[in-house]
Trainee: 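Quick one: the structure is below, and I'll ask about it shortly.
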Amino acid sequence: MRHIILDCDPGHDDAINIIIAAASRDKLNIRGITTVGGNVEVEKNTENALKVLELLDLDVPVYKGQSRPLVKPIEIATEIHGNSGMDGPVLPEPSRRAEDMHAVDFIIQTVKESDEKITLVPTGPLTNIAMALIKEPTIKDNIEEIVLMGGGTFGNWTPAAEFNIYVDAEAAEVVFTSGIPVTVFGLDVTHQVIATEDIIECVSPIENDVAQFVKKLLIFFGQMYKDYFGINGGPIHDACTSMYLIHPELFDLKDVNITIETKGEATYGMTVVDLLKTTGKKENATFAIGVNQDAFWDEFIHILKSFN
Ligand code: BDR
Ligand code: CA
C-alpha cells in the first residue's frame with residue numbers, strides 16, 4: 001500500500017488521474033488532494049477537484065495551495081483546458097468545501113506525522129512541493145518518492161519546455177536538486193497515450209457516470225489538442241502517474257541526470273535530460289521513456305468499468 005498526496009491543477013488529465021487513483025484504493029491510500037495555480041487559477045482548480053471527488057463519492061480532504069509560482073507571475077492554459085479548467089462536462093456545484101489548512105502546511109504535517117513514508121504525486125507546477133521542502137527541509141526523509149508529470153525532451157508550452165515545468169521552473173529546480181527519488185513522466189511518454197477517437201469509442205458504451213464524465217473530458221480535450229497542436233486526441237499526461245503507481249510494469253524507465261534550465265532565454269523551463277550520460281553528472285531522476293500502450297488502455301477501460 002502506497003500512501004499518496006495528489007498535488008494537482010484539474011485539469012482534464014488531472015481529473016482522470018484522480019479517478020484512476022480512486023479506483024485503486026487497495027493499492028493507494030489517498031491521504032489528501034492539494035491544489036496549485038496552473039491550468040487555471042488555484043480557486044478554480046480547487047473547485048474542480050471538489051467536483052470530481054463528489055462525482056466519485058470519495059471522502060478525501062482537499063487543500064488549496066499556492067496561487068502563483070515562486071518568483072514570477074502565473075501563466076495559465078485556458079487554450080487547452082477552457083475557462084473553467086475542466087471545460088466539456090458539466091458537474092454540479094460541490095457541496096463540500098476545501099479545508100482551512102493551506103496545502104503546503106498539509107503536505108508538511110502529513111509527511112512529518114506519518115508512520116508510513118509518503119509518495120507525492122504532483123501533476124501541476126511544482127510550487128507547493130518546493131514551498132514545503134523550503135519551509136520544512138526535514139520532511140525529505142519521510143518522502144518515499146516524488147512521482148510527477150512534467151518535462152520531457154521536447155516542449156509543449158515553448159519548443160523547449162513543457163507547461164508544468166515552465167510555469168514554475170525555480171520550483172522544479174528545488175525538487176530536482178532535493179535528493180529525493182524523483183520519477184518523471186514527461187512528454188516523451190505521455191504522447192504515447194493519446195486518447196484518439198478509437199479510445200473514446202471504447203469509453204462511450206460504459207454506462208456509469210464516471211465513464212461518461214471521462215468521455216466528455218476526452219472529447220473536449222481532444223478537440224483542443226486538434227485545434228492547438230494538430231494532434232488527433234489529447235495525451236492523458238497526468239494519468240501516467242497513478243497508472244505507474246498501480247502498474248509500474250507497464251513503463252520503461254531510465255535513471256538519468258535531469259537539470260532544470262532557469263536562465264535560458266529560449267530554453268527557460270527545459271528539463272535537460274542526459275539520456276546518453278554525456279555530462280557525467282550523478283543521476284537524480286528516473287525518466288519514463290516508453291509504455292505498453294495496449295496494456296495501458298486495457299487497464300484504463302477496466303478501471304472505468306469498475307465504477308458500474
Ligand atoms: C501538463 O500541463 C497541463 O496542461 C496538464 O494538466 C498536464 O499536467 C501537460 O503539459
Ligand atoms: Ca496537470
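For ligands, and for the atoms within them, numbers begin at 1 and follow the listed sequence. Just so it is clear, the values below take in all heavy atoms, side chains as well, and ignore hydrogens, waters and symmetry mates.
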Trainee: Mind telling me whether Tyr225 and His237 have parallel, tilted or perpendicular rings, with 30° and 60° as the class edges?
Mentor: tilted
Trainee: Applying a 4.0 Å heavy-atom criterion (strictly less than), which segment of Asp238 is in contact with ligand 1: side chain, backbone, both, or neither?
Mentor: side chain
Trainee: Applying a heavy-atom cut-off of 4.0 Å, say which part of Asn156 lies close to ligand 1: side chain, backbone, both or neither.
Mentor: side chain
Trainee: Would you say the side-chain atoms of Thr110 and Arg31 include a donor-acceptor pair closer than 3.5 Å?
Mentor: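 Short answer, no.
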Trainee: Which word best sums up how the rings of Tyr244 and Phe185 line up, parallel for under 30°, tilted for 30 to 60°, or perpendicular for over 60°?
Mentor: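 Ring orientation of Tyr244 relative to Phe185: tilted.
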Trainee: Out of curiosity, is Ile80 lining ligand 1, as in a heavy atom under 4.0 Å away?
Mentor: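 Under 4.0 Å: no for Ile80.
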Trainee: Answer yes or no: are there more than 12 heavy-atom neighbours, outside Glu207 itself, under 6.0 Å from its atom CD?
Mentor: no
Trainee: Which protein heavy atom lies closest to atom 3 (C) of ligand 1, and at what distance to 0.1 Å?
Mentor: Asn39 OD1, 3.1 Å
Trainee: Whether the side chain of Asp168 engages the backbone of Leu126 through a donor-acceptor N/O pair (distance < 3.5 Å, no angle test) should be reported.
Mentor: no
Trainee: By number and element, which atoms of ligand 1 are closer than 4.0 Å to a non-hydrogen atom of Thr123?
Mentor: 8 (O)
Trainee: I'd like to know if Glu145 and Lys117 make a salt bridge, using a cut-off of under 4.0 Å between side-chain N and carboxylate O.
Mentor: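 Looking at Lys117 together with Glu145, the answer is no, because their closest N to O distance does not fall below 4.0 Å.
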Trainee: Give the C-alpha distance, both sets of side-chain angles, the deciding distance and a yes or no for side-chain contact (heavy atoms from CB on, under 4.5 Å) between Asp298 and Gln293.
Mentor: CA-CA 9 Å; Asp298 283 352; Gln293 295 179 30; over 6 Å; no
Trainee: Show the atoms of ligand 1 that are less than 4.0 angstrom away from any heavy atom in Asp14.
Mentor: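 Ligand 1 atoms under the 4.0 Å threshold to Asp14: 6 (O).
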Trainee: Tell me if the CD atom of Glu197 is crowded by more than 12 foreign heavy atoms within 6.0 Å.
Mentor: no
Trainee: By atom name, which N, O or S atom belonging to Asp238 lies closest to the Ca ion (ligand 2)?
Mentor: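 Of all N, O or S atoms belonging to Asp238, OD2 is the one nearest the Ca ion (ligand 2).
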Trainee: List the closest protein heavy-atom neighbour of atom 6 (O) of ligand 1: residue, atom name, distance to the nearest 0.1 Å.
Mentor: Asp13 OD1, 2.7 Å
Trainee: What atoms of ligand 1 come closer than 4.0 angstrom to any heavy atom of Asn164?
Mentor: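 Checking each atom against Asn164, I get 1 (C), 2 (O), 7 (C), 8 (O).
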Trainee: Would you check whether His81 reaches within less than 4.0 Å of ligand 1, judged by its heavy atoms?
Mentor: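 It does, in that a heavy atom of His81 comes within the 4.0 Å cut-off of ligand 1.
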Trainee: For the Ca ion (ligand 2), which N, O or S atom of Asp9 is at the shortest distance?
Mentor: OD1
Trainee: Please confirm whether His237 comes within less than 3.5 Å of ligand 1 when only nitrogen or oxygen atoms on both sides are compared.
Mentor: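 No; every N/O pair is 3.5 Å or more apart.
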Trainee: Only to 10 degrees, please: what angle do the OD1 atom of Asp14 and the O atom of Thr123 make about the Ca ion (ligand 2)?
Mentor: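 For O of Thr123 and OD1 of Asp14, the angle centred on the Ca ion (ligand 2) reads 130°.
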Trainee: If the cut-off is 4.0 Å to any non-hydrogen atom of Glu162, which atoms of ligand 1 fall inside it?
Mentor: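 Those qualifying, in numeric order: 1 (C), 2 (O), 9 (C), 10 (O).
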Trainee: Under 4.5 Å between side-chain heavy atoms, hopping through other hydrophobics if needed: is there a path connecting Leu50 to Tyr63?
Mentor: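 No; tracing contacts between hydrophobic side chains, which count when under 4.5 Å, never links both residues.
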